[in-house]
Amino acid sequence: MARYGEKIMTEKLYYQDSHRKEFEAQVVSCQWNEKKEWYEVILDRTVFFPEGGGQYADPGVIDGIPVEDVKEREGEVIHMMKKPLTPGQTVHGEIDYKERFSRMQQHSGEHIVSGLVHRYFGYDNVGFHMGTDEVTVDFNGIITQEQLDALEDEANQLIYDNVPVHVFYPSKEELEQLDYRSKKELTGVVRIVEIQGGDICACCGTHVETTGEVGIIKLRTMINYKGGVRISMLCGRRALIDYRERLKDEIRISNLLSAKLALVPEAVEKLKNESQEKDMINGRLCQQLLEKKVESYPESGEVLAVFEEGLSPVQLRQLSTMLYEKGKGKIVGVFSGKEEEQVYQYALGSSQADMRKLSKAMNSELNGRGGGSELMAQGTFKAGEKEIREVLIREAGKLE
């Protein structure tokens with residue numbers, strides 16, 4: 001046993017038994033980290049896995065005190081805690097095993113998928129992130145949707161076959177003979193994780209003992225990413241929960257559309273087409289209405305300010321352009337908003353003056369934001385109608 005405060009190599013119980021939930025240990029040291037504002041506790045042995053290999057540190061408690069984070073530093077496993085422990089005392093630790101097991105499912109599932117991609121396509125896993133919502137894996141090559149479906153089938157067949165997940169530490173000579181995946185050159189003792197028929201990879205994470213414990217692998221989405229692809233996936237209970245929630249969403253949509261569950265895609269497509277047709281009709285009607293409004297204004301060489309409720313940004317721009325092109329004003333400002341809220345969207349247009357300068361000047365006066373081109377500027381003012389009219393006329397006059 002090392003003297004208290006002396007550097008020791010923490011006994012890593014999580015490697016001896018990844019399913020172990022709790023343990024007894026002695027406190028070797030406890031030091032306050034002023035910068036992080038927590039105590040750094042080192043035990044002679046631990047079940048807490050420190051962050052590494054794309055896997056987060058285990059949550060849990062030691063003597064009822066929450067462990068905020070866990071890191072490994074030169075063989076010592078550091079437990080970050082808000083309350084101190086006394087060097088020499090015996091403590092009881094317990095991890096959140098439900099979360100540990102879920103992470104083992106995700107990590108082991110990722111090994112299976114990455115191994116199969118490497119075997120069939122020769123691509124490398126160049127990015128791995130185990131988030132709270134999903135796991136993402138980046139590969140440096142293109143995969144088609146048909147190939148992805150075949151990968152998913154084979155990955156799940158390995159789960160059905162329930163093959164062992166073998167962890168071992170080969171000698172230097174043995175390592176040289178192994179064809180294993182690794183993101184970097186490794187020296188010293190290397191930990192190898194092997195799934196027969198699936199993967200052989202250098203890894204420091206925790207894994208299930210047999211592939212059957214992964215439960216299921218669901219490859220959810222795939223996007224092109226940095227010349228390759230990024231695949232999002234879920235395994236085990238997370239995949240089950242995700243399927244349950246997606247099915248609830250589908251049933252809700254099915255009820256809203258009064259369509260059978262299997263016919264939801266067709267019903268949505270029909271609704272989309274009908275909506276697009278209505279948008280086209282509404283667009284034509286709005287255009288006709290704007291043309292009528294433009295006709296109601298006389299031609300003028302003065303500054304024109306128009307206030308209308310309920311105009312969209314596109315309609316603001318359309319109306320402003322139509323007004324100055326029809327000669328209804330040398331500079332046209334169209335504003336839409338509610339006076340009681342003292343917020344108006346604007347579109348400034350002119351073929352005779354620089355709207356960028358006008359927009360900048362008015363933004364400064366009216367707590368506004370926005371900009372644009374010489375012919376047209378858009379944005380928002382936080383002011384009332386009276387103040388906007390006054391500033392528009394004053395600042396437009398400076399452009400003459």
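All values below come from the heavy atoms of this structure, side chains included, with hydrogens, waters and symmetry mates left out. No experiment lies behind these values; they were computed from the predicted model shown.
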Heavy-atom distance under 4.5 Å between the side chains of Leu247 and Leu261, does that happen here? yes
Between Lys272 and Glu269 (salt bridge meaning N to carboxylate O under 4.0 Å), is one present in this structure? no
Presence of salt bridge, Arg220 and Asp242, under 4.0 angstrom: yes
For the student: nearest non-hydrogen atoms of Arg45 and Glu24, plus distance: NH1-O, 2.7 Å
Looking only at heavy atoms, what is the nearest atom pair of His107 and Cys203, with distance? NE2-SG, 3.4 Å
Could Lys218 and Glu152 be called an ion pair, given the rule that one side-chain N must be under 4.0 Å from one carboxylate O? yes
Looking at CD1 of Ile42 and OG of Ser29, how far apart are the two atoms once the value is rounded to the nearest 0.5 Å? 3.5 Å
Within one Ile-Leu-Val-Met-Phe-Trp-Tyr cluster: Val303 and Met362, side-chain cutoff 4.5 Å: yes
Could you tell me whether Lys71 and Asp69 make a salt bridge, using a distance below 4.0 angstrom between a side-chain N and a carboxylate O? yes
Heavy atoms only: give me the nearest Met355-Ser350 pair and the separation to one decimal. CE-CB, 3.5 Å
State plainly whether the residues Arg389 and Glu385 are in salt-bridge range, i.e. N to O under 4.0 Å. yes
So Gln147 and Phe121, do their side chains get closer than 4.5 Å, heavy atoms only? yes
When rounded to the nearest 0.5 angstrom, what is the spacing between CG in Asp96 and CZ in Phe101? 13.0 Å
Verdict with reasoning, Gln145 to Asp149, per side-chain hydrogen bond (donor to acceptor under 3.5 Å, both in side chains): CA-CA 6 Å; Gln145 185 59 52; Asp149 292 342; 3.1 Å; yes
Side-chain touch Arg103/Gln55, heavy atoms, less than 4.5 angstrom: yes
For Leu175 and Ile192, which heavy atoms make the closest approach, and how far apart are they? CD1-CD1, 4.0 Å
Within this structure, what is the CG-CD1 distance for the pair Leu158 and Ile217, rounded to the nearest 0.5 Å? 8.0 Å
Worked check of side-chain contact (heavy atoms from CB on, under 4.5 Å) between Ser18 and His207: CA-CA 7 Å; Ser18 64; His207 305 83; over 6 Å; no
Ion pair check, Arg394 and Glu365, cut-off under 4.0 Å: yes
Rounded to the nearest 0.5 Å, how far apart are OG1 of Thr90 and NE2 of His92? 12.5 Å
Would Lys398 and Glu395 pass as an ion pair if we require N to O under 4.0 Å? yes
Would you say Phe23 and Ile95 make side-chain contact, with heavy atoms under 4.5 Å? no
Minimum heavy-atom distance between Val47 and Glu22, given as atom pair plus value: CG2-O, 4.1 Å
Could you tell me whether the side chain of Gln106 and the main chain of Cys235 form a donor-acceptor pair under 3.5 Å? yes
Test log, rule side-chain contact (heavy atoms from CB on, under 4.5 Å), inputs Ile231 and Ile143: CA-CA 10 Å; Ile231 296 173; Ile143 298 172; 4.3 Å; yes
Gln16 vs Glu11, side-chain hydrogen bond (donor to acceptor under 3.5 Å, both in side chains): CA-CA, chis, key distance, verdict: CA-CA 9 Å; Gln16 298 174 18; Glu11 185 181 357; 3.0 Å; yes
Any chance you could lay out the side-chain contact (heavy atoms from CB on, under 4.5 Å) test for Arg181 and Asp199, step after step, and finish with the verdict? CA-CA 8 Å; Arg181 294 190 304 113; Asp199 190 30; 2.8 Å; yes
Evaluate the side-chain proximity of Leu348 to Met376: yes if any heavy-atom separation is below 4.5 Å, no if none is. no
Keeping the roles fixed (side chain from Glu174, backbone from Ser171), state whether a donor-acceptor pair exists under 3.5 Å. yes
Using only atom types and a distance under 3.5 Å, with no angle test, would you say the side chain of Thr86 pairs donor to acceptor with the backbone of Gln89? no
When rounded to the nearest 0.5 angstrom, what distance separates CD in Gln342 from CD in Glu339? 5.0 Å
Between the side chain of Ser108 and the main-chain N/O of Val214, is any donor-acceptor distance below 3.5 Å? no
Beyond-backbone contact of Met233 with Val113, side-chain heavy atoms, under 4.5 angstrom: yes
From Phe48 CZ over to Ile62 CD1, what is the distance, rounded to the nearest 0.5 angstrom? 5.0 Å
Show, in sequence, the C-alpha distance, side-chain angles and deciding distance for Arg230 and His129, and conclude whether the side-chain contact (heavy atoms from CB on, under 4.5 Å) test is met. CA-CA 11 Å; Arg230 168 169 286 180; His129 176 70; over 6 Å; no
Is the gap between the ring centers of Tyr344 and Phe307 under 6.0 Å? yes
I'd like to know whether the aromatic ring centres of Tyr346 and Phe381 sit less than 6.0 Å apart in this structure. yes
Same apolar cluster (I L V M F W Y, side chains within < 4.5 Å links), Leu319/Ile388: no
Could you check whether Glu250 pairs with Arg246 (Lys NZ or Arg NE/NH1/NH2 to Asp/Glu carboxylate O, under 4.0 Å)? no
In terms of the angle between their ring planes, are Tyr14 and Phe49 parallel, tilted or perpendicular, with boundaries placed at 30° and 60°? perpendicular
For Glu110 and Asn125, run side-chain hydrogen bond (donor to acceptor under 3.5 Å, both in side chains): C-alpha distance rounded to whole Å, both residues' side-chain angles, the deciding distance at 0.1 Å, then the answer. CA-CA 10 Å; Glu110 177 270 324; Asn125 174 337; 2.7 Å; yes
Any salt bridge linking Lys36 with Glu68? Criterion: basic side-chain nitrogen under 4.0 Å from a carboxylate oxygen. no
Does Cys201 reach the side chain of His111, with side-chain heavy atoms less than 4.5 Å apart? yes
Between Tyr39 and His79, is the ring centre distance below 6.0 Å? no
Side-chain heavy-atom pair Leu392, Phe335 within 4.5 angstrom cut-off: yes
Side-chain ion pair, Glu295 and Lys328, N-O less than 4.0 Å: no
Quick one: do Arg238 and Glu99 make a salt bridge, cutoff under 4.0 Å? yes
Nearest heavy-atom neighbours spanning Val77 and Thr10: N-OG1, 3.0 Å
Each residue besides Leu289 in its hydrophobic cluster should be listed here, by chain and number; the cluster joins Ile, Leu, Val, Met, Phe, Trp and Tyr at side-chain heavy-atom distances under 4.5 Å. none
